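Below: one structure, written as C-alpha cells.
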Protein chains: 2
Amino acid sequence: MDIAVTTELAIFSVQDGALRVLLETGATDGLPKAPFPGDADLDRFAAALLSRLTGFDGVYIEQLYSFGRRSQNTAMTGVTVAYFALIPPAVSSTVRSGLYWQPLNENWHLPNEQREVLELATQRLRDKLGYSSIALPLMPEEFTLGHLQEVYEIIGGEALDKRNFRKRILSLAYVEETGRQRRNGSHRPAMLYRARNPGRVEILR
Amino acid sequence: MDIAVTTELAIFSVQDGALRVLLETGATDGLPKAPFPGDADLDRFAAALLSRLTGFDGVYIEQLYSFGRRSQNTAMTGVTVAYFALIPPAVSSTVRSGLYWQPLNENWHLPNEQREVLELATQRLRDKLGYSSIALPLMPEEFTLGHLQEVYEIIGGEALDKRNFRKRILSLAYVEETGRQRRNGSHRPAMLYRARNPGRVEILR
DNA sequence: CATGATGGTGTTCCTTTGACACTATGTCAA
DNA sequence: TTGACATAGTGTCAAAGGAACACCATCATG
C-alpha cells in the first residue's frame, strides 16, 4: 500500500520583461522535481529542493495541490505534491546548470500534468496579486515604484493607471522609501523602495 | 522510497444551531481517514470515502493541504492529504455508525495534527463565506433567507444586519425563489429559496 | 381580537474605486 | 545653452459599494 511521492516545483521569476518558469532539461524538459524520502517534512523538503536548485534561501514557497495517479499514459502511478515559488530576478550564476528560464508567454511543449500544475500556479499568482503582497518576492531588494508596476502589469496582463497604482501601493504600506534614488537614463531619477517586511507575504482586507 | 499515504477528511455540517465536524470513534476519536491505495485518483478517492461515510453523493469537497511526517510522537511516518467537505443537515440515519457530529464551539480532545487540519478547514470556510457561495452546500434543498442568515452567523461568529444580508444575497443571485412558502409557527410564513446552481460553489468579484 | 413571534422592506451616509492630464527632473545632442 | 526626450511624480471628481438604521406585515394562539 506504499506509494511513490514526488515533489514538483513551479518556480517563477520576472526577467527581461517576462514572467518565466524554471525548467529542467532532460528526456523531456519539465518542472524540476524530486522523490520525497518520507523522513522529512514535506514543506521543508520542497524548500530545501528550491534552495538547491536556485541558490536562494528563505524565498517564497507555497504548497499548491496534490495529485494522485498522474500520467495515465505511463505505467507510473503515485502521488505528486506540487509547490509554487517566487524568486527575485536571478543573477544568472545562481541557477544550477541543466536549468533554464522559460518565458510563459511563448508556446512550448510540456507534459499535460505539468501544464495543469503550471496553470494552477499562474492562476494563483494572478489572483493573489489582487489581495496580497505576493509581488514583492519577485522584486530585488531595492526597486522603484515604476518597476513594481511593471511587474504587476506583466503578471496581470493589463496596463495599470500610474496614479491609482501608486496611491494603492503606498496606502497599503507594503513598502517604504529607502531614501536613496536610482538615476537610470536621461530622465528624472526615481525614489527607491524596499519591502517593509521582507520575506513575508501579507493578505489584505 | 515508497510511503504510506493517508486521506483525511474534515466534514462539516450545521445542525441544531452549531457548526459540527464528523468524528470517528476509535482508540482516540478523530477525523475519519483511510489509506490511499495508489490505484485511484486522489480527489475521487476522497469523494468516494466521503460518500461511504455520510451517504451523500456529489456534495462539496475540496482539497485542503498535504502534510509530510505527521505525528512526530508515534513512529509512523508518511504523507497525509487533508480534505474538507460540507454536507446539508443530515437526516441522522444517513451517517454510518461509529461516527458522530461534534460541535466546534465545545472543547474536546483531538490529536495535534488533526487540530491543525481542523483549524485550517474552519479558517478556509470562514474566509470563503465572504467571497463565494460556500454556504449553500450546507443548506437543505429548500430554505428560507432567515435560515441562510443563521448559517452565515453561526460560521462567521457574528450577528448580521437582516436588510443588508438579504440585499447582498439577492443581488448576488446565488439563490432563487421556489414560489413556495414555509409556515412554521405562529407568525408570518417565509418564502422558500433554493440554490440557483446546486452543487456548484461560485467565486465572486 | 390582543399578543407574541418571525418575515419583509428603503434611505442615507461614508468609504472605496476608477477615470483622467499635467508638471518635474534628469541626460544628451545640436 | 538650450531644446528634445524620457521617465518620475502628483490631485480631483464621479460612481459604486458597504454599513448603519426602524418600522409594518402576517400568521397562530389564547
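All values reported here derive from a predicted model rather than from experimental measurement.
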Problem - Audit row: Y152(B), R168(B), side chain to side chain contact (heavy atoms under 4.5 Å, CB included) steps and yes/no - result: CA-CA 13 Å; Y152(B) 268 78; R168(B) 196 173 90 238; 3.8 Å; yes
Problem - Residues F84(A), R124(A); criterion side chain to side chain contact (heavy atoms under 4.5 Å, CB included); working and verdict - result: CA-CA 9 Å; F84(A) 105 96; R124(A) 186 100 125 224; 3.9 Å; yes
Exercise for the section: For the pair T144(A) and N184(A), evaluate side chain to side chain contact (heavy atoms under 4.5 Å, CB included) and give the outcome as yes or no after the intermediate values. Expected result: CA-CA 11 Å; T144(A) 67; N184(A) 219 3; over 6 Å; no
Which nucleotide in [options] has an atom nearest any side-chain atom of [X]:
X: S186(A); options: dC21(D), dG26(C), dA19(D); answer: dG26(C)
X: R188(B); options: dC20(C), dA25(D), dG18(C); answer: dA25(D)
X: H187(B); options: dG18(C), dA8(D), dT6(C); answer: dT6(C)
X: P189(A); options: dA20(D), dC27(D), dG26(C); answer: dG26(C)
X: A190(B); options: dG8(C), dC21(D), dG9(D); answer: dG8(C)

To the nearest angstrom, how far is [X] atom [atom1] from [N] atom [atom2]?
X: D161(A); N: dT12(D); atom1: CG; atom2: C1'; value: 13 Å
X: I169(B); N: dT9(C); atom1: CD1; atom2: C1'; value: 17 Å
X: Y131(A); N: dT17(C); atom1: OH; atom2: P; value: 16 Å
X: R183(B); N: dA25(D); atom1: CZ; atom2: C1'; value: 17 Å
X: E177(A); N: dA8(D); atom1: CD; atom2: P; value: 14 Å
X: L148(A); N: dA8(D); atom1: CG; atom2: C1'; value: 15 Å
X: R168(B); N: dA19(D); atom1: CZ; atom2: P; value: 8 Å
X: L172(A); N: dT16(C); atom1: CG; atom2: P; value: 11 Å

Handout entry: N112(A) versus E116(A), side-chain donor and acceptor atoms under 3.5 Å
Key =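 Short answer, no.
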If you go through the side-chain atoms of [X], does one of them form a donor-acceptor pair with the base of [N] closer than 3.5 Å?
X: K162(A); N: dT23(C); result: no
X: N184(A); N: dA6(D); result: no
X: K167(B); N: dT11(C); result: yes

Practice task
Assess whether side chain to side chain contact (heavy atoms under 4.5 Å, CB included) is satisfied between L136(B) and V175(B), documenting all intermediate values.
Solution key: CA-CA 9 Å; L136(B) 292 184; V175(B) 298; 3.9 Å; yes
Exercise for the section: Would you tell me if any nitrogen or oxygen in the side chain of R163(A) comes within less than 4.0 Å of OP1 or OP2 on dG11(D)? Expected result: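 No, no such contact exists.
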Practice task
Could you check G185(A) against N164(A) and say which one's nearest nucleotide on DNA chain C is further toward the 5' end?
Solution key: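 Whichever sits nearer the 5' end wins; that is N164(A).
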Practice task
Determine the contact category for R166(A): base if any of its heavy atoms lies under 4.0 Å from a base atom, sugar-phosphate if only primed atoms, P, OP1 or OP2 are that close, otherwise nothing.
Solution key: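 Here R166(A) touches the bases of the nucleic acid.
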